[in-house]
Protein chains: 2
Amino acid sequence: MDSEDRLLTPGEVAALFRVDPKTVTRWAAAGRISSIRTPGGHRRFRESEVKKLLFGERGGPPPEQP
Amino acid sequence: MDSEDRLLTPGEVAALFRVDPKTVTRWAAAGRISSIRTPGGHRRFRESEVKKLLFGERGGPPPEQP
DNA sequence: CCATACTAGGGTAATTCGGGGC
DNA sequence: CGTGTCCGAATTACCCTAGTAT
């Protein structure tokens, strides 16, 4: 019952996708990924959303639910 | 109808935004978030205010309204 | 009153933001 | 069209000690 969506920083997401943090920011600006902004203007991304995109939602996601 | 504004500590708010507790304190100092001070000088934040900022953007707020 | 966890404050390093151009 | 890199500016993260909260 862990429905807690951890928030990741642009650098974290960029490291997962092997891209530049700036590219992640572009995805958020293009609306391709949900983004939460801090009062300071920095973006945070949901780990669930990122993981879903990482697996392309197709091919065979890791069965984390025995 | 829950008008109960629970008070959160800087650490709680920081965990929600995935930032450092010091950063939350800085937001209060900058007037970006309402802060209540304890007689000792520690800050407390309203859960309603924090959640409003958390979902101020778009993403998918879980409406827990049974 | 004692003990533990957390917070305030200042200062410095790292990261992120925004736009522009290739 | 999308990505990586440049710049300057802003925001955030981690270091420390002392005081507060429970």
Side-chain angles (χ1 to χ4, degrees):
Chain A
M1 281 74 138
D2 231 288
S3 300
E4 283 205 8
D5 293 336
R6 268 197 313 163
L7 294 177
L8 303 176
T9 61
E12 287 278 294
V13 180
L16 291 169
F17 279 97
R18 285 294 225 152
V19 295
D20 220 83
K22 188 78 170 190
T23 302
V24 180
T25 296
R26 286 194 183 119
W27 295 344
R32 290 201 259 246
I33 182 172
S34 313
S35 61
I36 299 180
R37 311 266 289 211
T38 67
H42 284 205
R43 294 185 181 84
R44 294 281 118 95
F45 304 93
R46 293 192 176 275
E47 189 184 41
S48 326
E49 186 88 23
V50 173
K51 283 191 173 175
K52 224 162 292 191
L53 292 168
L54 269 174
F55 284 104
E57 66 186 65
R58 169 164 51 98
E64 302 183 7
Q65 191 69 130
Chain B
M1 276 82 117
D2 241 301
S3 301
E4 280 283 312
D5 290 332
R6 192 154 60 117
L7 293 178
L8 303 178
T9 61
E12 285 283 296
V13 181
L16 290 169
F17 278 95
R18 189 59 176 98
V19 295
D20 199 272
K22 259 339 179 335
T23 303
V24 180
T25 296
R26 199 177 299 108
W27 295 343
R32 292 186 165 132
I33 182 172
S34 313
S35 58
I36 301 179
R37 295 270 232 156
T38 67
H42 285 199
R43 293 185 178 87
R44 292 283 117 93
F45 305 92
R46 293 191 178 278
E47 189 184 41
S48 328
E49 185 89 16
V50 174
K51 285 193 172 175
K52 217 162 294 192
L53 290 170
L54 223 24
F55 296 119
E57 308 277 334
R58 46 168 354 191
E64 301 178 17
Q65 243 287 296

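Reminder, nothing fancy here: chain letters follow the sequence lines and each chain counts from 1. Atom set for the values below is all heavy atoms of this structure, side chains included, hydrogens, waters and symmetry mates excluded.
Nucleotide D:dA10 holds its C1' atom 13 Å from the CZ atom of A:Arg37, rounded to whole Å. Rounded to whole angstrom, the span from the CH2 atom of A:Trp27 across to the P atom of C:dC17 amounts to 13 Å. Rounding to whole angstrom units, CZ of residue B:Phe45 and C1' of C:dA8 are separated by 11 Å. The separation between B:Arg44 atom CZ and C:dT7 atom C1' is 8 Å, rounded to whole Å. Summarising the geometry, the separation between CZ on B:Arg43 and C1' on D:dT20 is reported as 13 Å, rounded to the nearest angstrom. The distance from atom CD of A:Glu12 to atom P of D:dA13 is 12 Å, rounded to the nearest whole Å. The distance from atom CG of A:Leu7 to atom P of D:dA13 is 12 Å, rounded to the nearest whole Å.
Under 3.5 Å, the side chain of B:Lys22 and the base of C:dG11 form no donor-acceptor pair of N or O atoms.
Here the side chains of B:Trp27 and B:Phe45 are not in contact, with every heavy-atom distance at 4.5 Å or above. Looking only at side-chain heavy atoms (C-beta outward), B:Val19 and A:Arg44 come within less than 4.5 Å of each other. Here the side chains of B:Leu7 and B:Arg46 are in contact, with some heavy-atom distance below 4.5 Å. B:Leu16 places a side-chain heavy atom less than 4.5 Å from the side chain of B:Leu8.
Two residues, A:Pro39 and A:Thr23, neighbour DNA chain D, and the one matched to the more 5' nucleotide by heavy-atom proximity is A:Thr23. Taking for each of A:Thr9 and A:Asp20 the nucleotide of DNA chain D with the nearest heavy atom, the 5'-most of the two is the partner of A:Asp20.
Nearest to the side-chain atoms of A:His42 among the listed nucleotides D:dG2, C:dT7, C:dC17 stands C:dC17. Distance from the side chain of B:Pro21 is smallest for C:dT7 among the nucleotides D:dT5, D:dA21, C:dT7.
Nucleic acid contact for B:Arg26: base, since at least one base atom lies under 4.0 Å from a heavy atom of the residue.
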